Structure formats: structure tokens, C-alpha cells
Amino acid sequence: MKYDFTAIEKKWQAKWLEEKPFTAVTDDKTREKFYGLIEFPYPSAQGLHVGHARPFTAMDIICRKKRMQGYNVLFPMGYDAFGLPTENFAIKNKIHPAKVTHDNVANFRRQLQALGYSFDWDREVNTTDPSYYKWTQWIFLQLYKKGLAYKASMPVNWCTSCKIVLANEEVVDGGCERCGSEVIRKEKSQWMLAITKYADRLIDDLEDVDYINRVKIQQRNWIGRSEGTELNFGTTLGETLTVYTTRCDTLFGVTYMVVSPEHPCLDKWKDSITNWEAVSAYKDEAARKSDFERSELNKDKTGVRLEGIAAINPATKEQIPLFVSDYVLMSYGTGAVMGVPGHDQRDWEFATKFGLPIIEVVKGGDITKEAFTLKDDTGIMVNSGFLDGMTVKEAIPAMKEWVTKEGLGQSKTNYKLRDWVFSRQRYWGEPIPLVNCEKCGWVPLPEDQLPLLLPEVDSYEVTDTGESPLSKMTDWVNTTCPCCGGPAKRETDTMPQWAGSSWYFLRYMDAHNDKELVSKEAEQYWGPVDWYNGGMEHTTLHLLYSRFWHKFLYDIGVVSTKEPYAKRTSHGMILGEGGIKMSKSRGNVVNPTDVIAEYGADTMRLYIMFVGDFEKAATWSTEAVKGSKRFLDRVWNLAESASESYEESEANQPILHKTIKKVTSDVDDLKLNTAIASLMTMVNEMAANGATRGDMRTLLLLLSPFAPHIVEELWEMLGFAAKEGKMACQTDWPVYDESKTVASTVEMAVQVNGKLKGSIKMPVDSAEEAVVAEAMKVEKVAKAVEGMKLVKTIHVKNRLVNLIVKPQ
RNA sequence: GCCGGUGUGGUGGAAUGGUAGACACAGGAGACUUAAAAUCUCCCGGUAGCAAUACUGUACCGGUUCGAGUCCGGUCACCGGCACCA
């Protein structure tokens, strides 16, 4: 019989869907649970991509193996279906986004099932489903009630031609992604979430989770905690100007100060600034520039001195000039900095350009050439009054103490992390469940009125003023205040795509609960997620946002763990042929459906795992897929030629046990490529030795997570299904016997003075003397040792012996 | 610029400090076949040699070690992220 993968895969996929062997049971507390999670996809019109198949297949393998090891496994799937592409498609084709989403989801589900993933389909979720987004809205209301959601005026990206607000992703090289026109900054009132209040916990709790290191590092850098000092400088106006610095030790070296163009002090001090026209012109120029331009043109420092005002250095009591310059950001620290040109490169450039004095206060560099920025022990303070002679490390606390004592400021921790802009002027998102009442202000919708459904609209286009399409629905917008009953207007902004994905892993635990987001019982059983795999591109947004929401839910008693994910791993990208990124425009996108049609899902699964180190980028090669197909052909042929005996054969014992050991540990370590390589070696060796059905049983058990369809078929063919039931229901993952993993003899390397001279065959665990004696018999060794004195031998059991010799 | 990662055959990639190149792809030779495909067997880093073999080889320079692709110091290249964060 031939290996007919199409028929086999269809047969078993249908049986799995019908018999549901992968359904997770929440109330089975007798078994240890394992919750494996992969990032749910955005159901795009293009359908599944081979890039999805990599992480999905890996987690499917892990979960299938865990099930076989007796765990109660939760491995769910869903769709993150709100978002722009669907909305844009709806606008263009005048189809309701819900319909587009429904069709795309159906396509995704079909493709996922065609790959044989062992998802628990009974728990499927969809963020656009009202029974789901009810709870997204509910979480938002809790955040609002705890004061963590607030309205603020924020600069947004505004396309001057399309007249719409763009997400950062839609701004390409400073222009609009769609029309290429100029994108400028425009102030708009937006809902914000106070993620910065959780900044410390988001950093500190990384200690307690098992994330790959680069994810932890990237999150720490993104949050960007820095410990510094807020310092008040006096001015000739008698008013104070507060700066933030991490280098208060350099206070004696401050020769000027700079405020950002948006700093409120400028307008406040307008009347005292004698060159207001020049200052005002600079302000306007800065406001016109987009963020992109401001950072692009950062090579050359610009600025204007504020004439008529001077600041006073509190340490030296000297008057120093005050500038406005766009190298200072309003969004970080206080929007004002003290200029220390001797020890900050940006300040050095600015001072050099404007001819300001540069004072050395830390000895060690050459400040005529560049700023000396070292912060460690090597620098010694000079020209700094009471700090002279101290190291920088000593000077920082000494200065802090002095500043505090003099009432000039205090210690302050700052973060690069900004609060989360939570409003979108879009249709296809969760409506924000708040109403604005003239009398009562913002009023949350009572929880029993959730979900607040997205109304039907005539057009999904944003308005000319950049308001959400919902704002045109006056019937919907005009409502009554839940508080006073008076006239009120609904919020017309919707939530960003990140909202629904910030808590979906909780919903899987209890997907059909209409009373609660998740029941206590289900949450306490399944939480936290044991293993979450996802893309590096989600490290600083999705992963951080969902950790934030989870911590908030912990604080209000909805969940019982501080962290949502115990372990996080990340996969590398799949590149197109030739190592270039796959993209629609290059036309090099590989569709898994095509590969399945030609080679089968099992081959697809094997190849995408065999292609290389899971964490690194890998290049797709349609040629190389054949290798995985040939392997499955060999497995099929081996099964057909297997002898009738249900005993394991003596000859195959070492390879069986070696492979059990290797595959078991490799799957746990996410080294799926070498796990497959060892299975290939096993099949090659079994083919050479001849295999019994007993040998095949072990092979099939080990192979089943990787290539479940062919294994299920062979399992049945060789009579195991009749005796033990389906492979999908097996709970006896093979266990190895260490003593059987090694053959009775081993090949050992022989070196003389570290140089390889040959190899010898020795019984396992031979003693050093025997090994040395045998090694001496090797011709090349004998030649190399001749006339020399043996001074030392290094014996590594079962591996090598190294003879160290010297001339006599 | 800063932070992280990676450099190994023609290619994808293996190697707890212990025989570099497992396992595959491509290529070559052969078997089977009328022929092709499929399958099976063998070869496959470089240089020299008919061969046995010798030398050499993991981006580059240096160090530690009996022994380094692996550890340490420095250099270069590429990839990803951040980017005037005071």
C-alpha cells in the first residue's frame, strides 16, 4: 500500500473533530494541568501564513507530548479580529466588517484544522464577539473606576490629505501609508491608561517569571527606569525651573539651561522675554515638525536664547543663560534640563555651537574634544566645592543629600514608558462604555448594560474632522445619563486592537461563562499560562499591555496570580527563498495550503520544525521540504516491512532508548529540529537492523506529536488501535532506561598532546589503564610517543584519552 | 550612537570545554528499469596524493586550557529593537 497522505489526513482530522480527544476538562483535579498558549492570529483575508505554522506546530507538539505524559492540557485557539485591515477592506468593498471577519475566521479555522492541530475547539474565542467584548468593556470600566483611565490631550498622527488620524504603524517614513502625503502632529483628546503606575511592578516581577532573556531585557529597556534627582533652579524672575538629572554630581559644571519648545514657562514668562518674537518663531517651527522630522534632523543642535531672563546655578550662585531647544523633550522628565557640556555629549555639542563655557568637574577625559561621560569609579570630582576628590559614585549621594537638605529638590525615578493611548477614531473596535453628561461629566455605563454593542452605520469612513464613524450615528450618540437621567452623549472613540488581546488567555479558561469574565474555579485551576510562545514583535506592546491588565485584575481580585505567563519563548521569522522577508509585494509568500496539497500536513509540520533553530530566523526552501516527505515515506515502508512480533528487538534497544531520551528532552527545550534529526537517525538504524512491531510502537509514540496523522494510521494498521485505542488518547509517553541508551562498546578518540591520532573501540566504562594500553596499540600513537616520556594521561570516560608526552 | 543577537561545507543547519560538520537539501558515482520517476548503495570542507595518508580548516587578532566552534579580551561584518530619555 502507498502512503496516501491526503486520504489519511482527511480521515483522522474528521475523527478528531468528531470524537474530541483534545478537549480540556476543568474539573479534573486529579491530574496536573498544563496550559500551552500561542498568540491568536489576526484573521486576515490572506489566510494562514507559514509564519503562523512555526509557533503553532511547535506548541502543538509540546501539548501533544504533555497529554501523552498524563497532563490535563489546555491548548486553545481564537481570533484577534478587531483591527484596521478588515475595516479598510469593509470601506473599500462596502461589506460589513463583521461579515468580513466571519468569512476570514472560517477560512482560518479550516486551514488550522488542515494542519491537524490539537486545539480544544470548544473554547474558541473571537474578540469581536459581543459576548467576548462585553468583558473587555467591563475591564475598561474597572480601570476607569480605579482612576487608571483618564482623558488627556495627546499629539496624534494626522494625514493632511486623507484627514484621518493614523496609527504609528500607518506612518511610513514620515508620510501616510496610503497616500504618501505629509503627516503632522495634531493635538487630540484621547483616553489614556495609566500603565506607568505599574512600571515598577512590570520591571520587578520579571524576576519571578521564566522568559527568554532577550524578552526581559527588551521590556526593561522599554520601561526605561532611571533613578535621578529633581532639582529646582532659581531665575532672575524669582520663579523656579525644575529639571530632572541622573548626574546631580555635575551641578557645579552647569553653565546654561534648556527648556523644550512646549514648556509652559515660555508662555508664562512671555512678558519678560525681550526677544519673544524669535522664541515664538522657534516654538512654531518645532510644532510644525513631525516627530519624524524632529528626530531625523537631530544631527545639528538648534535653539534660541531667552533674552531678559537668566537662571541661577544653586551650587555656584552664578547666573547662567536660558535657552529653548527641541533637543529637550517635553514628554520626559520635566521638559527642562541643566546643561553640563563637560559631561554630556548633547550638551557639549550645544555649548560648542553657541559658544558657552565648558567646565570640567570630573577629571579623566579631554573635554576640549568631547564630553567625558563616564559614570563609574574612574572619574574624580574637581572644581566642585565640597565634592572635590570624591569619585562620581560617592558624589551622587553626597550631592543628593545636600540638595535635599537645602530644599532644592528630591530623588525621583523616571520612566521612558508612556501611558497607553487607548482611543481610536475608528469603527471596528470595542465601543468605550462611557457617556458624557453636561451635568455629571463622564459617567460609566452600568455593568448590566454591557455589552455596549457596536451600532450599524451607513459608512465606516472617519469624518472629515477625524472623529470616529460612530459620531455620525446621532441616534446612538444621543442618550441619557445613567446618573441623572438628563441628556448625554456616548463616547464615540473605540478601543485599540490591543484591548481584546490583553486578557484573552483568561477567557479560554472559561470561554462560555456569561456571568463572569472567568470563574474563580477555572482561573485557579488553569492559571497561570504555563508556556506562552509568541513573536518578538509583541514584546513591548502586547506582552507588556497584557501583563499590566493582568496585574490590575489581580489587584481587584479577579485573578489569583501576579503574572499571567509563567514562561515565554519566542520564535524566529520564516524568511522567503534566498533569505528575504516574505511579503505580498515580493510575491514570495508561501501558503501552507499549497504545501499541504502537495506533500501533506505531516510533512509541512515536520519541515517547519526541522528547518532550523526555533528561536532564530530560518529560510524557507521548497526543495528541502522533500527531505521531510522522504522521511515519512521511509517510516511508512518500515512499518509495512515490520515483523509480526510485538516484542522489542534486542538489536534496536540502544537506539530506541537513546532516541526516547533525546526526543523527550529536546521537546522540553524547544529543540525540535534536533528531535526530528534523532528520529531520522532512529528510522535509518531500524531500517538497517530490521524492526519488529514492538520497535515500531516506540517509534510511533515518539513521532506522534510531530506527524500525528500518519502515526494514527500506522498505529491502526499495525494493530495497536485495536488493543490500546487511538494514538490521540495515549497517555504513555515512552520512558527510557539509562543503562540501555549506550551500546556495549564505544568508540573513543585518542589524542597525543591534544592532537587527534585515531580512535579505538572499547567496552563501555573501561578503566583508564585499559584504555591507555589499547591506545598505545594504535600505529600513529605508537609513532608519536616513540622516544618520549609519558607525563600525564587525561581520560574522559567513554569519550577520549589524551596522552601528554615530553621529549626524554 | 545605545541595547540585544548572529557569524561553522555549495545550502539549511548539528556539536554538556572532549573525534567539527549529526540530520537533511543540492551535487557526483553505481544498482534496479526498455526509459524516466520513485527507491536502494556509496562518495561529498580545502590543499597535495592513485592511495594509505599528511597538512589545514568554525569571520579576524590575541589569551586561558592537556584540549577551544564553545570560555576570556579586542576587531570586523550582518540582523533585530530603541533612538536627543537628560
Side-chain angles (χ1 to χ4, degrees), chain A residues 2 212-218 220-222 224-226 228-229 231 243-248 250 258 260 294-299 301 325-329 331-340 343-347 349-350 373 414-418 536-537 539-540 572-573 575 578-579 606-607 610-613 615-628 630-631 633-634 637 671 673-684 687 747-760 779-780 791-805:
Chain A
K2 210 179 149 278
I212 48 166
N213 212 22
R214 56 196 171 123
V215 168
K216 287 192 183 183
I217 290 166
Q218 221 170 292
R220 280 195 201 102
N221 290 347
W222 184 263
R225 178 160 63 190
S226 81
T229 314
L231 263 171
V243 301
Y244 173 74
T245 180
T246 54
R247 291 295 302 276
C248 63
T250 61
V258 194
S260 97
R294 264 170 88 158
S295 58
E296 257 313 272
L297 306 170
N298 69 18
K299 301 283 170 280
K301 296 275 179 291
S325 172
D326 66 3
Y327 88 85
V328 176
L329 309 173
S331 55
Y332 186 77
T334 63
V337 301
M338 58 185 211
V340 189
H343 306 283
D344 181 284
Q345 189 56 27
R346 293 155 308 184
D347 295 348
E349 286 163 17
F350 189 83
T373 55
N414 262 331
Y415 307 90
K416 289 189 205 174
L417 183 69
R418 303 267 75 89
M536 279 307 284
E537 71 274 20
T539 302
T540 50
M573 235 196 311
L575 303 169
L606 268 181
Y607 175 69
F610 186 60
V611 68
D613 186 332
E615 294 198 340
K616 293 187 196 140
T619 306
W620 178 270
S621 162
T622 300
E623 269 301 301
V625 175
K626 287 181 194 162
S628 300
R630 280 182 200 149
F631 168 64
D633 285 333
R634 283 203 299 275
N637 294 338
K671 292 166 83 174
N673 53 335
T674 51
I676 293 169
S678 71
L679 286 166
M680 288 174 168
T681 307
M682 180 186 190
V683 168
N684 292 344
E747 196 163 318
M748 294 179 68
V750 182
Q751 299 180 334
V752 176
N753 288 347
K755 283 236 175 203
L756 183 70
K757 291 294 172 190
S759 65
I760 50 175
E779 196 185 329
K780 278 160 72 177
V791 290
K792 194 177 173 185
T793 60
I794 288 147
H795 175 234
V796 183
K797 205 167 93 178
N798 297 333
R799 301 220 58 147
L800 126 168
V801 63
N802 186 6
L803 309 172
I804 311 303
V805 295

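Letters go in sequence order (proteins before strands), and every chain restarts at 1. Worth saying up front: this structure is predicted, and the values here are computed from it rather than measured.
- Applying the 90° cutoff around 0 to the glycosidic angle, G9(B) is assigned syn.
- Geometrically, Lys301(A) does not engage Phe350(A) in a cation-pi contact, judged by NZ or CZ lying under 6.0 Å from the ring centre and within 45° of the ring axis.
- Put simply, Lys780(A) has a side-chain N or O that comes within less than 4.0 Å of OP1 or OP2 on A54(B).
- With both ends at atom C1', the span from C72(B) to A83(B) equals 31 Å, rounded to whole Å.
- Judged by distance alone, with hydrogens and angles left aside, the side-chain atoms of Tyr415(A) form no donor-acceptor pair with the main-chain N or O of Trp222(A) at under 3.5 Å.
- You'll find a donor-acceptor pair under 3.5 Å spanning the side chain of Lys301(A) and the base of C84(B), going by distance alone.
- With both ends at atom C1', the span from A51(B) to U58(B) equals 29 Å, rounded to whole Å.
- On the C1' atoms, U65(B) is 35 Å away from G10(B), given to the nearest whole Å.
- On the C1' atoms, G45(B) is 15 Å away from A26(B), given to the nearest whole Å.
- Looking at heavy-atom distances under 4.0 Å, Lys797(A) makes no contact with the nucleic acid at all.
- Look at the P atom in both C40(B) and C25(B): the space between them is 10 Å, to the nearest Å.
- Atom C1' of nucleotide G12(B) and atom CE of Met680(A) are separated by 12 Å, given to the nearest angstrom.
- Looking only at distances, a side-chain donor or acceptor of Asn637(A) sits under 3.5 Å from a matching main-chain atom of Asp633(A).
- In this structure, Val611(A) reaches the sugar-phosphate backbone alone: every heavy-atom distance under 4.0 Å involves primed, P, OP1 or OP2 atoms, never a base.
- In this structure, the nucleotide among C66(B), A20(B), U6(B) sitting nearest to the side chain of Ile794(A) is C66(B).
- Of the possible polar contacts, one joining the Arg418(A) side chain to the Lys416(A) backbone as a donor-acceptor pair under 3.5 Å is found.
- At the phosphate of G81(B), neither OP1 nor OP2 sits under 4.0 Å from any side-chain N or O atom of Thr540(A).
- Taking a pair to require two hydrogen-bonding distances under 3.5 Å in either a Watson-Crick or a G-U wobble arrangement, C76(B) pairs with G7(B).
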Can Ser226(A) and Tyr332(A) be said to form a side-chain hydrogen bond (donor to acceptor under 3.5 Å, both in side chains), step by step? CA-CA 11 Å; Ser226(A) 81; Tyr332(A) 186 77; 3.2 Å; yes
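- Tyr332(A) has a side-chain polar atom (N or O) that falls below the 4.0 Å cut-off from OP1 or OP2 of A86(B).
- Judged by distance alone, the side chain of Arg220(A) and the main-chain N or O of Arg225(A) form no donor-acceptor pair under 3.5 Å.
- Between Lys757(A) and U53(B), a side-chain N or O to OP1/OP2 separation shorter than 4.0 Å is absent.
- When each of A86(B), C84(B), G4(B) is scored by its nearest atom to the side-chain atoms of Asp326(A), the top-ranked nucleotide is C84(B).
- Residue contacts for Phe610(A): at a heavy-atom cut-off of 4.0 Å it reaches a base atom on one of the strands shown.
- Looking at heavy-atom distances under 4.0 Å, Ala617(A) makes contact with sugar-phosphate atoms alone, never a base.
- C82(B) is paired with G1(B) under the criterion used here, namely a Watson-Crick or G-U wobble arrangement in which both key atom distances are under 3.5 Å.
- Among A86(B), A14(B), A20(B), the nucleotide with an atom closest to any side-chain atom of Leu756(A) is A20(B).
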Which atom pairs link the protein and nucleotides 38-49 of chain B when you take only N or O atoms and keep those under 3.5 Å?
none

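- Separation of the P atoms belonging to A15(B) and A24(B) is 15 Å when rounded to the nearest angstrom.
- Listed nucleotides C84(B), G18(B), A14(B) differ in distance to Tyr327(A); the shortest reach to its side chain belongs to C84(B).
- At least one donor-acceptor pair under 3.5 Å links the side chain of Tyr244(A) to the backbone N or O of Gly228(A).
- U33(B) and A54(B) have their C1' atoms separated by 44 Å, with the value rounded to a whole Å.
- Comparing C23(B) with U34(B), their P atoms sit 34 Å apart, to the nearest whole Å.
- Which of U56(B), G67(B), U16(B) sits closest to the side chain of Arg799(A) comes down to U16(B).
- You'll find that the side chain of Glu623(A) is closest to C25(B), out of C25(B), G12(B), A15(B).
- Look at G27(B): its Watson-Crick or wobble partner, with both distances under 3.5 angstrom, is C43(B).
- Of the candidates U19(B), U56(B), A14(B), U56(B) carries the atom nearest the Lys755(A) side chain, counting heavy atoms from C-beta on.
- Among the heavy atoms of the strands, none lies under 4.0 Å from Gln345(A).
- Residue-level contact check: Thr681(A) touches the backbone only, with heavy atoms under 4.0 Å from sugar-phosphate atoms and none from bases.
- Contact annotation for Thr245(A): backbone-only contact, meaning every heavy-atom pair under 4.0 Å involves sugar-phosphate atoms and none involves a base.
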Just do the side-chain contact (heavy atoms from CB on, under 4.5 Å) check on Leu800(A) and Val750(A) with the steps written out, would you? CA-CA 6 Å; Leu800(A) 126 168; Val750(A) 182; over 6 Å; no
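- Asn684(A) has a side-chain polar atom (N or O) that falls below the 4.0 Å cut-off from OP1 or OP2 of A24(B).
- In this structure, of C23(B), G18(B), G13(B), it is C23(B) that holds the atom nearest to the side chain of Ala677(A).
- In this structure, Asn221(A) does not reach the G4(B) phosphate: none of its side-chain N or O atoms is under 4.0 Å from OP1 or OP2.
- Residues passing the side-chain hydrogen bond (donor to acceptor under 3.5 Å, both in side chains) test with Glu615(A), sequence neighbours excluded: none.
- The backbone N or O of Ala677(A) sits nowhere less than 3.5 Å from a side-chain atom of Thr674(A) that would complete a donor-acceptor pair.
- The CD atom of Gln751(A) sits 12 Å away from the C1' atom of U65(B) (whole-angstrom rounding).
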